[in-house]
Amino acid sequence: QVQLVESGGGLVHTGDSLRLSCAASGLSFDNWFMGWFRQAPGKERELVSSINRGGGGTYYADSVEGRFTISRDNNKNTVWLQMDNLEPEDTAVYYCAASWTGLVVTDPNQYTHWGQGTQVTVSS
């Protein structure tokens, strides 16, 4: 049984930082591209960042470029999203997801496995 378990969300203020973690089990982690999505109320789920199997290739949405950093450790079956200089517009539920398809895959339907999500709230 595949499980992706996110943690690290919370309530912070503008300019603060958070580090999200996603621990994977039940799959050959280093065979999967990993992505972080977010979904704000009334909005579609959007790809924030993704990382390739070995960790040497990354993608960031324009809205988070320069503020967020994705990384992974295949020995720990974990992917992280370091979020710095947070803005109220970053408020959303954040999900990690696993894709077999590729690095820059923005369609959520191309992701096979999903975590349950973690809430990030940034107050002004």
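Computed from a predicted structure; not experimentally measured. Residue numbers count from 1 along this sequence.
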Side-chain heavy atoms of Leu4 within contact of Met34, under 4.5 Å = yes
Please check if the side chain of Ser21 supplies one atom and the backbone of Ser7 the other of a donor-acceptor pair under 3.5 Å.
-> no
Can you tell me how far the CG atom of Asp73 sits from the CH2 atom of Trp80, to the nearest 0.5 Å?
-> 4.5 Å
Specify the closest pair of heavy atoms between Trp36 and Leu20, including all atoms of both residues, with the distance to one decimal.
-> CH2-CB, 3.7 Å
Check for a donor-acceptor pair, side chain of Thr121 on one end and backbone N or O of Thr91 on the other, with a separation under 3.5 Å.
-> no
Check: Ser123 main-chain N/O paired with Thr14 side-chain donor or acceptor under 3.5 Å | yes
Centroid-centroid distance, Tyr95 to Tyr111, less than 6.0 Å = no
N/O donor-acceptor pair under 3.5 Å between Arg38 side chain and Val120 backbone | no
Per salt bridge (Lys or Arg N to Asp or Glu O under 4.0 Å), Arg67 is matched among Asp84, Asp90, Asp62 by Asp90
Tyr94 vs Phe68 aromatic rings, parallel, tilted or perpendicular, using cut-offs 30° and 60°?
-> tilted
Just do the side-chain contact (heavy atoms from CB on, under 4.5 Å) check on Trp100 and Trp32 with the steps written out, would you?
-> CA-CA 5 Å; Trp100 194 255; Trp32 294 83; 3.8 Å; yes
With a 4.5 Å limit on heavy-atom distance, are the side chains of Ile70 and Tyr60 in contact?
-> yes
Any donor-acceptor pair under 3.5 Å from Ser49 side chain to Tyr59 backbone = yes
Do the side chain of Glu6 and the main chain of Gly117 share a donor and acceptor less than 3.5 angstrom apart?
-> yes
Any chance you could measure Asn109, atom CG, to Ser99, atom OG, to the nearest 0.5 Å?
-> 11.0 Å
Identify the two heavy atoms, one from Asn85 and one from Ser17, that lie closest to each other, and give their separation to 0.1 Å.
-> N-OG, 4.2 Å
From CG (Leu18) to CG (Leu81), nearest 0.5 Å | 9.5 Å
Asp107 side chain near Thr101 side chain, heavy-atom distance below 4.5 Å = no
If only atom types and distance count, is the side chain of Arg72 paired as donor or acceptor with the main-chain N or O of Asn52 below 3.5 Å?
-> yes
Is it true that Val5 and Val2 fall in one hydrophobic cluster, defined by side-chain heavy atoms closer than 4.5 Å?
-> no
Using atom types as modelled and distance alone, determine if a side-chain donor or acceptor of Arg53 lies under 3.5 Å from a backbone N or O of Asn31.
-> yes
Can you check whether Ala92's main-chain N or O pairs, donor with acceptor, with Gln39's side chain at less than 3.5 Å?
-> no
Hey, does Val105 have a side-chain heavy atom less than 4.5 Å from the side chain of Leu47?
-> no
Give the ring-plane orientation class for Trp114 versus Phe37, where under 30° counts as parallel, over 60° as perpendicular and anything between as tilted.
-> tilted
